[in-house]
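Step one of this worksheet: look at the structure below.
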Amino acid sequence: NTYNLYGDFKYSSINAIEDYDGFKTEIGFAKTSGKYRYGFSGKYVSENYDVNDLGINFYSNYHNAYANGSYRIVNPTKVFNTFKINQYINFEVDNTSKKLQTGAFGTEIKATTLQNDYLEFVVEFSPFKTFDFYEPREYGKYVFLPEKVFTAINFATNDNTPFTLVVQPSLSKFNENDRNVYGFYISPKYRFNDRLSIAYVLDYFNETNDRGWVDTDNTGIIFAERNRETAQNDFTGKYALNNRMTINLTARYYWSYSKNHQFFTLQNNGYLTPNNTYAQNKDSNFNSWNFDLSYSWWFAPGSQVSVLY
């Protein structure tokens with residue numbers, strides 16, 4: 001048996017109009033060998049921890065506890081090359097308000113068949129009332145989220161064959177007024193030879209009776225109950241000049257539609273009350289096209305140059 005004890009401590013110091021410091025720390029322990037494995041970890045992120053030097057990340061001011069236990073086969077059987085079942089529990093609490101951000105129990109089953117097709121099933125239960133500290137878009141505010149169940153199935157054919165297919169349907173069902181999220185992902189890919197391949201990706205979501213931010217005015221923060229649809233279509237062609245250089249061209253079409261049918265005002269306790277006076281039209285129908293051309297050159301192990309247009 002082998003075990004892993006790990007941890008870190010990170011500190012940020014920002015010198016601006018108002019200087020501020022923050023930190024993140026984590027510790028964990030895991031059994032990393034054998035058929036039966038387990039692990040647990042804890043994390044604390046302070047309110048002013050800031051890592052926005054190379055990107056934008058405002059997810060801070062929380063502490064987290066995570067634990068999991070898993071079983072896997074270590075040798076192929078008559079049915080599977082690999083098989084793993086994992087049970088996990090994940091809790092996350094806001095440091096200031098002490099309100100629960102995440103409270104979930106989940107099961108993951110992952111396997112590859114003797115033909116190297118990939119199968120995955122995920123179900124996650126969130127049986128606790130939680131709060132979203134980011135959707136209100138105002139510091140210190142939060143909105144209630146009801147209990148929910150999420151499930152997804154993932155199937156991918158053997159990637160070593162010229163034609164491959166990935167299919168992933170998903171469903172999130174909330175304990176609130178027929179509120180659901182339906183998702184569907186599909187990606188066929190064909191490899192003509194060692195140099196040329198083409199792929200298509202459709203990523204679609206349909207949200208019924210979703211509740212989210214639409215406006216902030218002098219009366220407060222306005223939320224809407226709405227039906228939403230989003231779809232992203234990607235067409236990608238890849239050509240390898242040699243084993244170190246590739247050219248990629250992606251055409252992307254994105255569509256997002258939202259139809260509001262009731263407005264609410266966010267209260268200080270995180271709950272919503274009906275707002276019958278708000279009359280702004282916040283329905284939306286957004287479309288966009290874009291084309292990405294890239295050239296990549298792996299000129300040394302672990303070293304890459306990319307040119308994007």
Side-chain angles (χ1 to χ4, degrees), residues 4 28 30-41 43 64-92 100-130 132 145-176 178-190 199-210 228-234:
N4 181 27
K31 181 178 183 290
T32 57
S33 65
K35 292 183 178 181
Y36 298 94
R37 306 185 188 188
Y38 58 84
F40 49 88
S41 64
K43 181 192 300 184
N64 168 274
Y66 176 87
N68 78 296
S70 65
Y71 167 81
R72 73 194 65 201
I73 61 173
V74 293
N75 294 302
T77 68
K78 295 181 179 180
V79 180
F80 297 112
N81 277 334
T82 64
F83 178 87
K84 172 186 174 183
I85 181 168
N86 180 53
Q87 303 272 358
Y88 65 87
I89 179 172
N90 186 31
F91 282 89
E92 196 168 278
L100 193 65
Q101 292 185 169
T102 300
F105 307 84
T107 299
E108 301 170 322
I109 301 174
K110 301 178 181 180
T112 55
T113 68
L114 298 181
Q115 292 74 38
N116 283 328
D117 296 329
Y118 177 76
L119 305 169
E120 180 181 4
F121 172 75
V122 178
V123 60
E124 181 179 279
F125 299 93
S126 300
F128 306 103
K129 295 179 180 180
T130 58
D132 187 335
L145 292 176
E147 305 89 335
K148 72 172 183 177
V149 176
F150 167 79
T151 186
I153 299 172
N154 187 12
F155 170 75
T157 60
N158 185 353
D159 196 41
N160 295 317
T161 61
F163 176 78
T164 59
L165 178 67
V166 178
V167 179
Q168 181 179 312
S170 63
L171 169 66
S172 294
K173 186 170 183 61
F174 292 81
N175 184 25
E176 182 181 79
D178 295 325
R179 181 175 175 180
N180 305 298
V181 180
Y182 305 93
F184 184 74
Y185 176 96
I186 186 169
S187 177
K189 176 183 176 182
Y190 188 78
Y200 168 72
V201 173
L202 169 63
D203 198 4
Y204 173 79
F205 287 95
N206 186 323
E207 303 173 66
T208 59
N209 292 328
D210 171 66
R228 301 178 64 195
E229 290 184 74
T230 59
Q232 180 169 308
N233 298 267
D234 291 350

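No donor-acceptor distance shorter than 3.5 angstrom exists from the side chain of Thr130 to the backbone of Gly103, with no hydrogens or angles considered. The backbone N or O of Lys31 lies less than 3.5 Å from no partner atom in the side chain of Arg37, so there is not a single donor-acceptor pair. Between the side chain of Thr112 and the main chain of Asp117, no donor-acceptor pair closer than 3.5 Å is present.
Applying the side chain to side chain contact (heavy atoms under 4.5 Å, CB included) test to Asn86 and every residue at least two apart in sequence or in another chain returns Tyr66, Asn68, Ser70, Lys84, Tyr88, Glu108. Listed by chain and number, the residues in a side chain to side chain contact (heavy atoms under 4.5 Å, CB included) with Gln168 are Asn154, Tyr185 (sequence neighbours excluded). With sequence neighbours excluded, the residues satisfying side chain to side chain contact (heavy atoms under 4.5 Å, CB included) with Ala67 are Phe40, Ile89. With sequence neighbours excluded, no residue forms a side-chain hydrogen bond (donor to acceptor under 3.5 Å, both in side chains) with Asn4. In terms of the side-chain hydrogen bond (donor to acceptor under 3.5 Å, both in side chains) criterion, Asp132 has no residue partners (sequence neighbours excluded). Residues satisfying the ring-ring contact (aromatic ring centres under 6.0 Å, His included) test with Phe80, not counting sequence neighbours, are Phe83. Remark: Glu176 pairs with Arg179, Arg211 by the salt bridge (charged side-chain N to carboxylate O under 4.0 Å, His left out) rule, at least two apart or across chains. Evaluation of the salt bridge (charged side-chain N to carboxylate O under 4.0 Å, His left out) rule for Glu124 yields no partner, not counting sequence neighbours. Evaluation of the ring-ring contact (aromatic ring centres under 6.0 Å, His included) rule for Tyr38 yields no partner, not counting sequence neighbours. Legend: residues meeting salt bridge (charged side-chain N to carboxylate O under 4.0 Å, His left out) with Asp203, ordered by chain and number and at least two apart, are absent. Among residues two or more places apart in sequence or in another chain, the side chain to side chain contact (heavy atoms under 4.5 Å, CB included) test is passed with Lys173 by Asn180.
Side chains of Pro127 and Phe105 form a contact here, defined as non-hydrogen atoms less than 4.5 Å apart. You'll find the side chain of Asn116 reaches within 4.5 Å of the side chain of Asn81, heavy atoms only. You'll find the side chain of Asn90 reaches within 4.5 Å of the side chain of Asn64, heavy atoms only. Residues Lys110 and Tyr118 meet the side-chain proximity criterion, which asks for heavy atoms closer than 4.5 Å. You'll find the side chain of Phe121 stays beyond 4.5 Å of the side chain of Phe155, heavy atoms only. Proximity of Tyr204 to Glu229: side-chain heavy atoms (C-beta onward) are separated by under 4.5 Å at one or more points.
Minimum interatomic distance between Ser170 and Phe150 (heavy atoms only, all atoms of both residues): CB-CE1, 4.0 Å.
For the atom pair OH (Tyr71) and CD1 (Ile85), the distance works out to 10.5 Å, reported to the nearest 0.5 Å. The distance from atom CG of Asn75 to atom OG1 of Thr77, rounded to the nearest 0.5 Å, is 10.0 Å. Taking OG1 of Thr82 as the reference point, atom CG of Leu119 lies at 9.0 Å (rounded to 0.5 Å). Note: Asn206 CG to Phe184 CZ = 13.5 Å, rounded to the nearest 0.5 Å. Separation of atoms OG (Ser187) and NZ (Lys189) is listed at 8.5 Å; rounding is to 0.5 Å. One finds the CG atom of Asn175 at 13.0 Å from the NZ atom of Lys148 (value rounded to the nearest 0.5 Å).
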Hey, mind stepping through Asp210 and Val181 against side-chain contact (heavy atoms from CB on, under 4.5 Å) and telling me if it holds?
CA-CA 8 Å; Asp210 171 66; Val181 180; 5.9 Å; no

Less than 3.5 Å apart, which donor and acceptor atoms pair up between the side chains of residues 159-167 and the rest of the protein, not counting sequence neighbours?
unit_1, atom_1, unit_2, atom_2, d
Asn160, ND2, Asn158, OD1, 3.2
Thr161, OG1, Asn158, O, 2.8
Thr161, OG1, Phe163, O, 2.8

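Judged by distance alone, the side chains of Thr107 and Gln87 do bring a donor and an acceptor atom under 3.5 Å apart.
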